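Here's the structure we're looking at; comments come further down.
Just so it is clear: chains get the letters A, B, ... in the order the sequence lines come, proteins before strands, and each one is counted from 1. Predicted model only: the values in this text are computed from it and were never measured. Computation of the quantities below employed the complete heavy-atom set of this structure, encompassing side-chain atoms and omitting hydrogens, waters and symmetry-equivalent molecules.
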Amino acid sequence: MLDKMPEDTIPNGFVQNSVIAGSNNPPNTAAKKKRNLPGTPDPEAEVIALSPKTLMATNRFLCEICGKGFQRDQNLQLHRRGHNLPWKLKQRTSKEVRKRVYVCPEKTCVHHHPSRALGDLTGIKKHFCRKHGEKKWKCEKCSKRYAVQSDWKAHSKTCGTREYKCDCGTVFSRRDSFITHRAFCDALAEETARVNAASSMNSLANGSISYHFMGTPLGPSVAQHFSSIFKPIPGGGADETIDQTRQGLSLWMAPGSQGHETVGSNLTEIQQLGSVSSEAMYGDHPPPSDYHFNWVFGNNKQSSNNAAEAPAIVSASLPFTDVKEAAATASHHHQLVSVNVPSLYSSQQQQTTTHQTQAAAAAANMSATALLQKAAQIGSASTDPSLFLGSLGFKCSSNINQVQDGNKYCGLMYCSNAITDRHLGNDVEISSASDISSLSQLQMPPPAKRRHLQSDRQAESAGGQTRDFLGVGVQAISCHPSSINGWI
Amino acid sequence: MDITLFSPKGTHSHHFFSLSNQQLQQSNGDQIALDMQTNNNNNIQPQNSCHTSTSRSSDSGEPCADTTGGNKWASKLLKECARAISDKDSSKIHHLLWMLNELASPYGDCDQKLASYFLQALFCKATESGQRCYKTLTSVAEKSHSFDSARKLILKFQEVSPWTTFGHVASNGAILEALDGETKLHIIDMSNTLCTQWPTLLEALATRNDETPHLKLTVVVTVSLVRLVMKEIGQRMEKFARLMGVPFEFKVITGLNRLVELTKETLGVKEDEAVAVNCIGALRRVAVEERGAVIQMFQSLKPKVVTIVEEEADLTSSRYDFVKCFEECLRFYTLYFEMLEESFVPTSNERLMLERECSRDIVRVLACDDDNNSSNNGNGDREEEECERRERGSQWAEKLKEAAFSPVGFSDDVVDDVKALLKRYRAGWGLVLPQGDDNTSGIYLTWKEEPVVWASAWKP
């Protein structure tokens, strides 16, 4: 039993590191001092139940002179100095502070029970507002409504900047036209005919349901539940900005099959707190055997989902056992991370130069082990795989922040390029060819092997990080131009 | 080529007529000179207008949105011609048709295009060859029509203009709200927008609820061109629904001449289903006398909601008054053509297709009167599709109220969605909400302040 480990004070109560057994312990069991998953509090913590009024109250501390309200007592005290009133700043008490966790006052809510209390006051406030509050904030552009102002702000930043790209290469700035296009796109027709793997997606509505589908190879009857993925991250303003593109089907052909290429799957990008949405990009283009179910979606529905709930877990099942394992590992690792992790595979076995295709950038979260496994497997099965895989994998796993920023950058970069070309409000159809060609210039693939090795090395070194990205795809590369130089 | 007006002519119904110069000069020479002078003040001469040439040139690139009334030579000439036809003033008709013929071009600017297409209709009216012309135009269109071309056309149109998407968004919003919580949905879709309305609805069904309901979509097709591609569309819809994870059933009803013949049985409506009737631009294709009956038929389906979207023009109440009808038709299509011109790029093929579609509609409305039906056809066959006679929203609203439907207002969320939709397009589009007056149920899409499309929702 781990005891007496110094408690990390994480105001967010967010779990960044891998958690050991973080499950639901009733509050009264013996101490396990560690950081907990949101909604699975430290059993020894003091449970505080605030009333709705208190939770919603923004400025509870009022100055008696001018009536100005403050959120915290400390702030009020500082303000009182200005009135020449006696003030006192309370020091943090020297005795051990008991960790506090908060329950949601709403009886029907899952966080009402102490065993699912949230560790952070700001978190519980936001949760309550979001889930049970009135949606007073409205996005101008897309008319989505939000209860929490910070959610709304964060959304407004990204609203309209998101790009949706169809398999056929066309890019859309509007989600609705993307959806309509998708329904009629030829790429869809081809692909559903050969679907043989399922992707799982998070259900929007709950934000925490993960569907796990097993597809039969060559069977077109896989139904996928499609929804945006969001990953609610409570606390610290991270809320709404998580955008993830969804992971689509990855279509796999049997490794031994001739001339077939595996198709990358959609990558879900995990978005960091505060970062702008990025999208999974994939290239298209394929020789007829290539098809995909790439679907990128924005986080439109995120806000309605509770941020504070456990992250949805996405796992994709793929027909290959080794891949599955990797996937399982990946998803397992991620389980504890508050990020949606699709196990994403993109292996490209394209003979054509379209390594940019598929593999959308950085979306999958995969542990270093999984990454290596995959790389190995791909390396053995294909001719030119890891080039892509490796390079991106490396990039993404080496430095989370960088990647995340990179994703952001990518997304922005991509978006901004598109945006400048665009008519106001109209979608732009960017020819896939031009995308690919411009991107390929960035990518200058060095010999596959070299990259592969490099990636392995890097991937290994990245082992301690919580987020490993399988960055495959153009986007990651283009996100790090300096790194590219380094690479090349 | 000699044309005598007011008698059926067998051979050249769809050619514009042209008179030899001699003929003109002999008969109308003086008149022309006179007319030119008198008409000077009215800016009939194209040289005075903003357009650059009188010949069939490529478009000047200037949108013809001069709605101040100054330079719209086409409108004036056309109206005069219509009046002349109504008055049966042979020589004037002759002369005006000739002038229009000289000035018009389907590849020119707005005025030239309007002149061209309306000239065609006027000619057909004058020569009573409307049916034939229409048939020819339609068969030409059918030859080049395919799933790909239709899809490309409508998607492009929706990308540049909210003309159709306005109705879609409003209707989908109303349908989703009315059928919220139901597990078995049945939507009867009477529209000709190739099911472009449904992907977003499917996505909403898949994502906004915990439990995705089962959706059955029955499409009733009234336009022959659409009928050709429905099979392919159905397949796409099914695939897409599978992708979305929505249990889906798709059915198309064709071979039906008249909407009024539909029944609960033919549509396959079951007792346990929650029915929504979605009517986009379909009511105007119903014969005027049958419209009340069709609305009654909707009632018999016991729907939870009926969404009606129609274009705002009145070509029905004036159908016996040619000039009035003509003027209204011209007004509406002027708006439409201007809208097209401003929304698409100048070299757009899609716009050309849409304009041609309009030209067929214009010919049909103006030159295919019921009286002519039997005389020209000879065998008295009913036209497959009724003449498209639009009515204004308020007129439809009255009919619906008579059938005991009551209006359902669009909720704030839906209105917000519509507003957000309009923001995504170029400037010029607006939204008009009902003022609380009973007659104005439904919302209007406006183009440059003119209402053009009306969307409404009704419950039994």
Side-chain angles (χ1 to χ4, degrees), chain A residues 135 138-145 159-160 170 172-186 188-193 195 198-206 209 211 213 220-228 248-249 293 295 297 300-301 304 423-429, chain B residues 147-148 150-152 154-156 158-162 165 168-169 172 194-204 206-212 232-233 235-248 343 345 412-427 429:
Chain A
K135 300 192 164 153
K138 197 176 68 116
C139 173
E140 279 308 310
K141 294 182 208 152
C142 68
S143 80
K144 274 187 68 129
R145 290 203 155 115
C159 185
T170 328
F172 297 88
S173 62
R174 285 176 7 216
R175 185 189 166 114
D176 51 347
S177 35
F178 172 57
I179 293 177
T180 313
H181 165 88
R182 197 71 177 76
F184 289 98
C185 186
D186 290 328
L188 172 67
E190 252 186 31
E191 162 199 344
T192 50
V195 161
S199 67
S200 39
M201 322 210 191
N202 293 331
S203 145
L204 265 188
N206 292 343
I209 292 177
Y211 279 79
F213 282 99
S221 56
V222 177
Q224 303 111 24
H225 194 78
F226 182 87
S227 54
S228 294
L249 283 183
F293 182 67
W295 193 292
F297 261 125
N300 288 347
K301 312 229 174 40
S304 51
H423 273 296
L424 210 134
N426 285 347
D427 286 356
V428 164
E429 292 192 359
Chain B
F147 170 72
D148 277 335
R151 169 187 64 176
K152 192 160 170 241
I154 195 161
L155 288 182
K156 187 75 190 167
Q158 291 182 344
E159 190 186 306
V160 301
S161 163
T165 47
H168 289 174
V169 169
N172 280 346
L194 309 183
C195 289
T196 47
Q197 178 175 356
W198 307 118
T200 34
L201 183 96
L202 281 168
E203 197 256 352
T207 54
R208 85 194 222 164
N209 297 317
D210 295 351
E211 302 240 335
T212 310
E232 179 82 36
I233 289 181
Q235 288 170 354
R236 301 286 169 117
M237 284 291 110
E238 281 167 352
K239 283 190 181 125
F240 186 73
R242 232 183 353 255
L243 197 72
M244 292 282 109
V246 177
F248 184 70
S343 306
V345 294
D412 286 341
D413 281 343
V414 178
V415 171
D416 283 344
D417 282 341
V418 173
K419 285 186 185 158
L421 175 78
L422 294 185
K423 281 204 195 94
R424 298 182 214 133
Y425 290 100
R426 280 191 180 158
W429 297 100

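- Scanning for side chain to side chain donor-acceptor pair (under 3.5 Å) contacts around A:Thr180 gives an empty result, with sequence neighbours left out.
- Here the closest heavy-atom approach between residue B:Cys195 and residue A:Phe184 is recorded as O-CZ, 3.8 Å.
- The contact between B:Leu194 and chain A is made entirely by backbone atoms, counting heavy-atom distances below 4.5 Å.
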Residue pair B:Thr196, A:His181: steps toward the side chain to side chain contact (heavy atoms under 4.5 Å, CB included) verdict: CA-CA 9 Å; B:Thr196 47; A:His181 165 88; over 6 Å; no
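- With rounding to the nearest 0.5 Å, the separation of CD1 in A:Ile179 from CG in B:Leu201 is 10.5 Å.
- Considering every non-hydrogen atom in both B:Arg236 and A:Ala183, the closest pair reads CB-O, 3.6 Å.
- Looking at residues two or more places apart in sequence or on another chain, you find a side chain to side chain donor-acceptor pair (under 3.5 Å) between B:Asp148 and B:Arg151.
- With rounding to the nearest 0.5 Å, the separation of CZ in A:Arg182 from CD in B:Glu203 is 12.5 Å.
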Carefully, step by step, assess B:His168 and A:Asp176 under the rule side chain to side chain contact (heavy atoms under 4.5 Å, CB included). CA-CA 11 Å; B:His168 289 174; A:Asp176 51 347; over 6 Å; no
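- The most heavy-atom pairs under 4.5 Å with chain A, out of B:Thr200, B:Leu202, B:Val169, come from B:Thr200.
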